[in-house]
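Structure first, then comments.
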Amino acid sequence: MIIKSRFIDTPTPQNMRDFEGYLIVEDGKIKKFTLDKPEGKVVDFSDYIIMPGFVDTHTHLTQVELMGKWHTDLFDWLEKYVFPEEMRFLDRGYAIRESEKFFNLLAQSGTTTAVVYGPSRMESVDAAFQIARKVGLRTIMGQTLMNENVPEELRISMEKAKKDIIALWNKWNNDFSRYALTLRFALSCTPKFMKELSQIARKRNMIIQTHISEQEREVEEVRRRYGRNYAQVYDEAGMLYEKTILAHGVHLKDEEMNLISKRGAKIAHCPSANFFLHSGVMNIKKILAHGIEVSVGTDIAAGQFTSILPVLRDAYYANPIHPVRAFYMATMGGAKVVSMDDKIGSFELGKYADFVVIDLKNLANIDDFPLEILSQLMFRGDDRNIKATFVAGKKIFERD
Ligand SMILES: [Zn+2]
């Protein structure tokens with residue numbers, strides 16, 4: 001496949017590249033960029049710009065129906081909306097219908113890789129992986145594991161969890177569909193549960209994902225229950241290592257940032273969700289100063305957008321970050337957080353051809369400076385600007 005367009009990427013937090021010409025894709029990978037028109041049929045996207053596909057590093061498949069349903073307290077939100085909705089996913093048919101909706105929404109939003117909290121049962125997660133493959137999205141996902149303080153129907157025993165984790169890992173363990181150990185958080189999992197399941201995950205080098213320090217009341221509750229800080233609780237359970245993705249981190253203390261940094265764990269910043277639940281504002285400068293890699297997440301449904309673009313705008317309102325840093329977090333930074341920086345996230349030769357075709361109509365002029373384009377896209381863009389989405393050179397969405 002040969003594509004003609006203007007290609008912009010952000011391979012580092014300080015660096016952006018801008019190239020106008022032809023991209024040659026072979027076997028789903030980026031083979032070459034060239035100024036001269038190559039032989040063969042050209043797909044003409046010269047009225048658009050092309051960027052690496054967006055990496056959404058924190059979102060919930062089970063909550064797509066809950067977006068924009070008003071609430072202010074995390075615990076009330078979980079009780080009133082989230083748990084009843086997650087119970088509906090015990091029905092495999094419902095899980096299939098919602099998965100179709102969810103993955104198509106992400107594809108339409110220019111997301112090419114998503115890190116997902118799935119339904120609580122392995123059968124529904126297995127079905128969701130199959131649908132993600134059908135839609136074409138790169139997916140890192142696990143069943144949302146809980147063994148206490150939640151409705152009985154959503155809990156799982158240690159024995160069953162261990163069996164299911166291994167079965168799902170053995171089946172879904174490649175560049176397109178990758179199982180991740182998904183522990184909801186320290187208040188719905190016992191220490192023993194977190195510890196033993198993490199051992200299984202780390203032995204296999206799995207991604208581990210969980211929530212940390214989203215709201216003050218939650219942080220206090222963790223302190224009251226465990227007598228130590230949030231990061232310590234996870235560290236003692238053996239959950240923190242280079243493949244761990246921690247969502248939020250709004251109220252982390254310096255000592256916790258030190259510990260997270262020392263272990264090499266990453267943070268998924270979800271500013272839209274934090275604004276919605278009035279959870280507070282994550283201090284990105286401090287977290288970056290500790291040498292922690294930060295990516296972004298839509299966090300559907302506390303986040304109200306399926307698109308990463310409004311999340312970047314909210315990231316700016318939370319902390320004044322440079323647009324290049326914002327797009328880096330949404331692409332290459334996300335790739336680092338999911339340990340795929342040698343495969344996706346920028347336009348390096350040999351990487352997968354995961355990219356998004358962006359329509360700048362009503363936003364910017366196609367021949368503006370690249371920084372102006374990124375800035376206008378960040379402050380005014382959303383899913384309506386996505387013309388097409390490609391994963392490994394395959395078109396998974398195109399707007400008419
Ligand atoms: Zn979440």
Side-chain angles (χ1 to χ4, degrees), residues 55-69 71-86 89 98 102 105-106 109 111 113-120 125 128 139-146 149-150 154 180-189 194 207-219 221-222 230-231 234 239 244-252 265-282 294-308 310-311 314-315 318 329 334 337-338:
V55 183
D56 181 350
T57 55
H58 182 77
T59 192
H60 295 259
L61 183 156
T62 48
Q63 296 178 24
V64 69
E65 302 300 334
L66 306 181
M67 279 187 284
K69 290 195 176 167
H71 234 285
T72 56
D73 178 87
L74 176 66
F75 292 108
D76 292 347
W77 155 261
L78 288 171
E79 300 264 319
K80 183 168 180 205
Y81 286 120
V82 175
F83 294 147
E85 178 64 17
E86 289 189 357
F89 282 77
E98 287 299 301
F102 175 81
L105 278 170
L106 295 190
S109 305
T111 296
T113 298
V115 185
V116 179
Y117 282 58
S120 60
V125 171
T139 308
I140 295 154
M141 176 168 60
Q143 74 278 54
T144 303
L145 294 159
M146 299 164 273
N149 292 334
V150 296
L154 296 176
L181 178 66
T182 306
L183 296 156
R184 176 163 241 131
F185 68 153
L187 297 176
S188 60
C189 302
M194 294 190 286
I207 282 177
I208 297 178
Q209 58 174 342
T210 191
H211 296 90
I212 194 167
S213 205
E214 182 175 0
Q215 290 206 331
E216 269 169 349
R217 202 177 133 204
E218 168 208 2
V219 172
E221 188 58 30
V222 168
Y230 221 142
Y234 286 154
M239 281 164 66
T244 305
I245 306 173
L246 302 166
H248 303 301
V250 173
H251 303 284
L252 291 173
K266 323 287 197 257
I267 290 183
H269 180 28
C270 308
S272 306
N274 297 153
F275 285 136
F276 180 75
L277 288 174
H278 282 272
S279 300
V281 172
M282 188 193 94
V294 179
S295 55
V296 280
T298 54
D299 194 17
I300 297 168
Q304 315 87 58
F305 310 107
T306 55
S307 165
I308 281 289
V311 177
D314 285 345
M329 290 198 296
V337 164
V338 300

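Source: prediction; values computed, not measured. Both counts, for ligands and for their atoms, begin at 1 and track the order of listing.
Every residue meeting the ring pair (Phe, Tyr, Trp, His ring centres under 6.0 Å) condition with H248, not counting sequence neighbours, appears here in chain and number order: H58, H211.
If you count the protein N, O or S atoms nearer to the Zn ion (ligand 1) than 2.8 Å, you get 4.
Using modelled atom types, one side-chain atom of T182 and one backbone atom of A180 make a donor-acceptor pair closer than 3.5 Å. T111 contributes no side-chain N or O that, together with a main-chain N or O of V55, makes up a donor-acceptor pair within less than 3.5 Å.
Annotation: side chain of E98 is not in contact with side chain of T62 (no heavy-atom distance under 4.5 Å). A 4.5 Å side-chain heavy-atom check between T113 and I140 finds at least one atom pair inside the cut-off.
Looking only at atom types and distance, the side chain of Y230 has a donor-acceptor partner in the side chain of E218 under 3.5 Å away.
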